[in-house]
Structure formats: structure tokens, C-alpha cells
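Computed from a prediction, not measured in an experiment: that's the story for all the values here. Atoms within each ligand, like the ligands themselves, are counted from 1 in listed order.
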Amino acid sequence: MNTPNLVQRDRLHLWHPYTQMATAPPPLPIIRAEGVYLHTEDGRRLLDGTSSWWVNIHGHAHPRLNRALSEQAQQFEHVMFAGCTHAPAVDLAERLLGVVPPGLTRVFYSDNGSTAVEVALKLAQQYWCNLGRSERRTFITLHRAYHGDTVGAMSVSEDSIFTRPFAPLLFPVTRADPPYCYRCPLGLERASCRIDCLSSLEAALQRHHGTVAAVLVEPMLQGAGGMIVWPHEFLAGARRLCDRYETLRIADEVLTGFGRTGKMFACEHASIAPDIMCLSKALTAGYLPLGATITTERLFDAFLDDQRAKTFFHGHSFTANPLACAVALASLDLFRETDVLARIARLEAHLRAGLTGLTALPIVGDVRVIGGVGIVELVSDKQTRGTGGYLDGIGPRLAARFLERGLLLRPLGNIVYFMPPYVITDEEADWAIDQIGEVLSNECTEVR
Ligand SMILES: Cc1ncc(COP(=O)(O)O)c(C=O)c1O
């Protein structure tokens, strides 16, 4: 009898995320990864075009990161973070505070992007409670937002097929329009508009500011909700509105942090600082799960009291995991020692040059590029801009075509995006861009 392979064994016992297990194609059996490439058990080499779900930045199996991980493992792997501290956590906090926007001074660690968001929501809520302003307990978020899959993070995300079965568990939020220029909520053109779409956020704040704890956004690039790239003026305007209505502003930089939009943090595009910032994903360069919620001294001070009731009662078993912190520190070393942001600027130029022309194709509605992310929004009809959204069958169909060519992409329905590790070479980026162009051109011929 033959020994079952990895995929056969997987099929017997595993359940994969966001995967319809009845119909999904077999998972890719990865046995090795190096730089931008993944190697499969059946001998294929695939270019990791999604940075392994947006987490990898310096490439897989990076010798420097491997060393940091193994050196920390020789010291100790983990201790509880209530009542104990350690150098990796302290060093990392100091280093993070040196690179995040000014005014952020306190780091609270957790495990992943969703928990970084949960911590932000709870901090904002309890901040007002501790000040005796418990009427400020609701949140304003944006349509098409995605902040994670835990219950609080789902509540502040867009109401969608991701969240609908859980509706009874979710708390109500007020949603305002994002600046989705290709589908402008006001029917305006970016070239001539004055960021009029901010009126939706302003109206929400006018109406609810007395009860709002915080406004939460994914600055500059709304990810899973459609890879929507913002004009930086919207971000600056949102900050101004939060100041005017004296509400906290939370920047969810779980996706955008650590260079993904071309700046170290997306808030820098508008030279603004949030009151609370959520980080994860590329924080550990894609090595280990770690979240960080970073806030101001003003917010921290509201939790200081002789009364233990004002304590922030939140924590996770793996808070400030030393292995994860050690790799995160080594990743920040790489940012310091090599000009990572210059590399991203080159990648951005290649993405722009290679993808912009695709707008000529009948199925391409819009092409957007920001930092190391290139996005192609597909439509069924250019006039009506119609799409099947996240469940559009074109997503999995194209993913299979890209895979045949050795390119691993995971379109969000009708949104095809390419977000490789920053270490990708110009030649590799151009190759991937060519594959995207050819597959989309072929799709046009086949559709006709
Ligand atoms: C902006 C944003 N926030 C939060 C999350 C949730 O992160 P995680 O999947 O690590 O829980 C994501 C994940 O894609 C994200 O893009």
C-alpha cells in the first residue's frame, strides 16, 4: 500500500480558513520556502505573490531572522507577561516607539491582527469609562472595512458574508463612506473633487459624537474589503474631524504597517498620528504571530489609579512572546541597515509601469498601486462597473491560471492584487506582472 501524501493526510483531518471544504481544490503542500519562492512536495516552485497573507516582507527563511529566532530559543522561549518582563519585549517596545508616529508612547502586546484590534476597541471604551464618561461607548467605522475575525473585530468590519451568520453576537456600529474613488459614493471624479466624501464621516460624528468612543480606520489602503487606495487628503481630513469632535482615532495598520504602502506607516502619508495604532502581520516579518497596540501617555494615564477596577483586564497566554519579539527586532534591524523603503519605491514604479496599461482590457475597471501593492479591479461591464464581488467565480478561476504559471495569488473575488515580499527583484516582479497581464488578456479572449 502507498504511503498517503501530505494532501491526502490533510484532507482526512484538517479544516482550512475561508475554505469551502466541499469544493476547494487540494491545498498546496509546501515543504520549503526561500526568498520569494515556495517549493511544493510535488516539485513545483511558486512565487509568493501575496507575501503569505501579507505578512512576509524580507523573504522566506531569511538567514538573519532565522539566527535571531534560534538565538532567542537558546535563552528561553516564553514566560508569562504579567509580573515578568524580558529584554526582547522591552527592546522591541523601545525600537517601535522610535519609528511609529510621534506621540505614541505605550505598547500593549497581543497575538495577531484581530487581537490588536480587540485591544484597541477595549482600550478606547475603558478609557472613557475610567474618565467617568461611559456614555462614549460606540464606534464609527467605514464601509468595506475589515479588521479581523474575532467578535469585536467583526463588529467593526463591514456587514458582509464574512460576518452575517454571527449577526446576533455583534455590537452595532455607525458606518461612514470610505474614499473609494473608482466607485465614488457621490459620483464625483478625483481630479476635480474636494474629498467631498468626508461629509459622510462628518455627518456621523455630528450626529453621534457625544456617544462615540473612537473612529477606526485602515489608513490609505482598505485591504480585504477590496484593496481600496485612499487619497491622503481623506486621512488628514478624518484626523481633523476626530479632533474637532474630540473623539479617539484608531489606525488599524495591521496590513499597512512596516512599509507596505511605501512609508513605514500609512499614517505618514498624511503626516498624522493616531491615538491608538494596531500592528501585526509584518511586525515579525511573517515569522510568528504577534500583535501590538500602541497608544499615547494620555490614554495610559487614564488607567492609573489606586483602585484596581481601573486596570486594563486583558491579556493572552502568549503576550509578548520572546521568540516573536526577537524576530521583530531583527526585522527592524534590516529596515535600519538596508534601504527597504527605497526597494519598495522601485517595486511601486515597476507595478505602476506594468499594470497601468491593463485598464485597456475590457474586463479591467480600475488599476491601483500603492507602495508594494498592485491592484486590478475586474468588472463584468465597464459602463455599469458591475461585479460579482467577493464570491465572483472569476477569482478562483484566475487563481488556478496563475498557479499553472508558477504564481501564487489569491484574488478577493473580482479584485486581483499582487503584494510580494519586498526582496523580490525587478526581474521577478516584471515576470509576475507579465503573468498577470497575460492571464487577464486570455480571460478576455475566452469570455468572448
Ligand atoms: C487591516 C486588518 N486588520 C486586522 C486583520 C486581522 O489580522 P489577523 O488575521 O492576524 O487576525 C487583518 C487581516 O487581514 C487586516 O487586514
Point to revise | Test ring-ring contact (aromatic ring centres under 6.0 Å, His included) applied to His58 - qualifying residues, sequence neighbours left out | key: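 Counting only residues at least two positions away or on another chain, His58 forms a ring-ring contact (aromatic ring centres under 6.0 Å, His included) with Phe335.
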Check your understanding: Would Tyr18 and Trp53 count as a close aromatic pair, with their ring centres under 6.0 Å?
Key ->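 They qualify: ring centres under 6.0 Å apart.
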Practice item. Kindly check if the number of other-residue, nucleotide or ligand heavy atoms within 6.0 Å of CZ (Arg45) is above 12? Key: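 12 or below, so no.
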Check your understanding: Which of parallel (below 30°), tilted (30 to 60°) and perpendicular (above 60°) describes Tyr245 and His209?
Key ->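 If you compare the ring of Tyr245 with that of His209, the planes turn out tilted.
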**Study point:** Geometric cation-pi criterion, Arg343 with Tyr422: 6.0 Å, 45°
**Key:**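 Because its charged atom misses either the 6.0 Å distance or the 45° angle limit, Arg343 does not stack over Tyr422.
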Review point. So, for Gly393 and Pro396, which heavy atoms are closest and what is the spacing to 0.1 Å?
Key: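 Closest pair (atom of Gly393, atom of Pro396, distance): O-CD, 3.3 Å.
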Point to revise | Residues lining ligand 1 [heavy-atom distance under 4.0 Å, listed by chain and residue number] | key: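 These residues qualify: Trp54, Asn112, Gly113, Ser114, Tyr146, His147, Gly148, Glu218, Asp252, Val254, Leu255, Lys281.
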